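Here the structure is laid out as structure tokens; the discussion comes afterwards.
Keep in mind that what you see is a predicted model, and the values were worked out from it rather than measured.
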Amino acid sequence: MPRHSPASPLLSLPGAVPAEAPDEGVAAHYGDLFREQRALADGTGFVDLSHRGVISVTGPERLSWLHLLITQHVSELPPGQATEALILSAHGHIEHALYLVDDGETTWMHTEPGNQEALIAYLESMKFFYRVEVADRTDEIAVVHLPAGSITEVPEGVVVRENPHGRDLFLPRADLEGFAAAHGPAIGILAMEALRVEAHRPRLGLETDHRTIPHELGWIGTAVHLQKGCYRGQETVARVHNLGKPPRRLVFLHLDGSEVHLPPHGTPVRLASEGEEGRQLGFITTSVRHYELGPIALALVKRNVPVDAQLMAGGTAAAQEVVVEP
């Protein structure tokens, strides 16, 4: 079984409601989901991501070594520049998603909760004679997310991974409660998930299954660098990009707002014209309630589903927007 991080001390804050899988250990919300979404969209507050796995790689050859293993070009990654990357199987299927930054001496990365042990096992198996050291830092370092536009000052000495969606702080876990007291309000993971779905950003384990390739989710260009080779699965990436189309594509769905329940992960997606007994064309990957858009979702569907087709997620009507071109 994957080893998860200890439950966050911020679950003791007023109104905190624990999140469910895959985000156990942090708060889903602190009592007002839509207020928290608005705050996050406005650039205020922070999100406790202390359940995510944290890994460090040190040694003089860390970047050249990582460059051989991941889908991103990192051999000359400048200190402080954020990037994201994938690790693929030999057949090009997504196995890990990494969110990285190098501070000039250490490469820091965070990954999905509980995935760090499998990722470290793979990295350790690929060390060979390279001068690198890989360490699980999850027990001592907590990830905290500051939204884009936040004016919160970062504590001295804390590594920051800044990207268009905000800043991820690699904060000493012992400082988490003090940071929360100084820089609240705390915002739950469901608010961050709602803004993630709105922005069409995929997440490992939700938008992916055992056969997902990067092209299906729009990860080409952001997490996959097309001008580099020499990594596992690269042949599949190049072949699909140059010669073909992926078998499935990510779509954004506006769900019927009259339904009480959101369709959960895995709910079959079908053509509305064929009803609930029709052929399954895909599945819901993430569904959320958004403070402005109402119920929305991401889904993975067959590439040949017409872009103007009205869909159904279980028994819920769904109108699609294109994320990945067919």
Does a donor on one side chain and an acceptor on the other come within less than 3.5 Å for [X] and [Y]?
X	Y	result
R196	T286	yes
S273	Q310	no
E24	H51	no
T44	D42	no

Taking every non-hydrogen atom, the tightest pair across [X] and [Y]:
X	Y	result
L176	S8	CD2-OG, 3.8 Å
L253	A318	CD1-CB, 4.1 Å
L255	S287	CD1-CB, 4.3 Å
L88	G233	CD1-O, 4.1 Å
L63	L77	CD1-O, 3.8 Å
R137	W108	NH1-CH2, 3.5 Å

For [Y], does its backbone N or O pair with a side-chain atom of [X] as donor and acceptor, under 3.5 Å?
X	Y	result
R270	G278	yes
T236	H91	yes
E61	R131	yes
E124	Y122	no
H165	A148	no
K228	I70	yes
E216	I213	yes
S50	V143	no
R279	E274	no
R161	T83	yes

Mind checking whether F283 and H265 have parallel, tilted or perpendicular rings, split at 30° and 60°? perpendicular
Geometric class of the H73/H67 ring pair [parallel <30°, tilted 30-60°, perpendicular >60°]: perpendicular
Apply side-chain contact (heavy atoms from CB on, under 4.5 Å) to residues L217 and L300 and explain how you reach the verdict. CA-CA 8 Å; L217 303 183; L300 200 56; 3.7 Å; yes
Looking at [atom1] of [X] and [atom2] of [Y], how far apart are the two atoms once the value is rounded to the nearest 0.5 Å?
X	Y	atom1	atom2	result
F179	D48	CZ	CG	10.5 Å
Q116	L123	CD	CG	12.0 Å
E198	F252	CD	CZ	7.0 Å
H241	L243	NE2	CG	10.0 Å
E162	D168	CD	CG	10.0 Å
I55	L98	CD1	CG	7.5 Å

Linking I/L/V/M/F/W/Y whenever any side-chain heavy atoms sit under 4.5 Å apart, do [X] and [Y] land together?
X	Y	value
I284	L190	no
V144	V159	no
V132	V101	no
V74	V160	no
L100	L68	yes

Would you mind checking if [Y] and [X] are paired as a salt bridge, meaning a charged N to carboxylate O distance below 4.0 Å?
X	Y	value
R62	E133	no
D209	R248	yes
R203	E112	yes

Taking everything shown except K127 itself, do over 12 heavy atoms lie less than 6.0 Å from its NZ? yes
Are the side chains of [Y] and [X] in contact, using a 4.5 Å heavy-atom criterion?
X	Y	answer
R173	D139	no
R52	N115	no
E36	F34	no
D175	V158	no
F46	L169	no
P247	R303	no
V301	R249	yes
E276	M312	yes

Test side-chain contact (heavy atoms from CB on, under 4.5 Å) on W219 and E207; report intermediate values, then the result. CA-CA 11 Å; W219 253 330; E207 277 62 56; over 6 Å; no
Determine, step by step, whether L195 and Y291 satisfy the side-chain contact (heavy atoms from CB on, under 4.5 Å) criterion, reporting the C-alpha distance in whole Å, the side-chain angles of both residues, the deciding distance to 0.1 Å, and the verdict. CA-CA 9 Å; L195 300 191; Y291 73 104; 4.3 Å; yes
Run through T71, L204, V224 and flag the one making a side-chain contact (heavy atoms from CB on, under 4.5 Å) with I94. L204
Candidate pair M109 and L119, rule side-chain contact (heavy atoms from CB on, under 4.5 Å), full reasoning: CA-CA 11 Å; M109 62 185 80; L119 176 54; 4.3 Å; yes
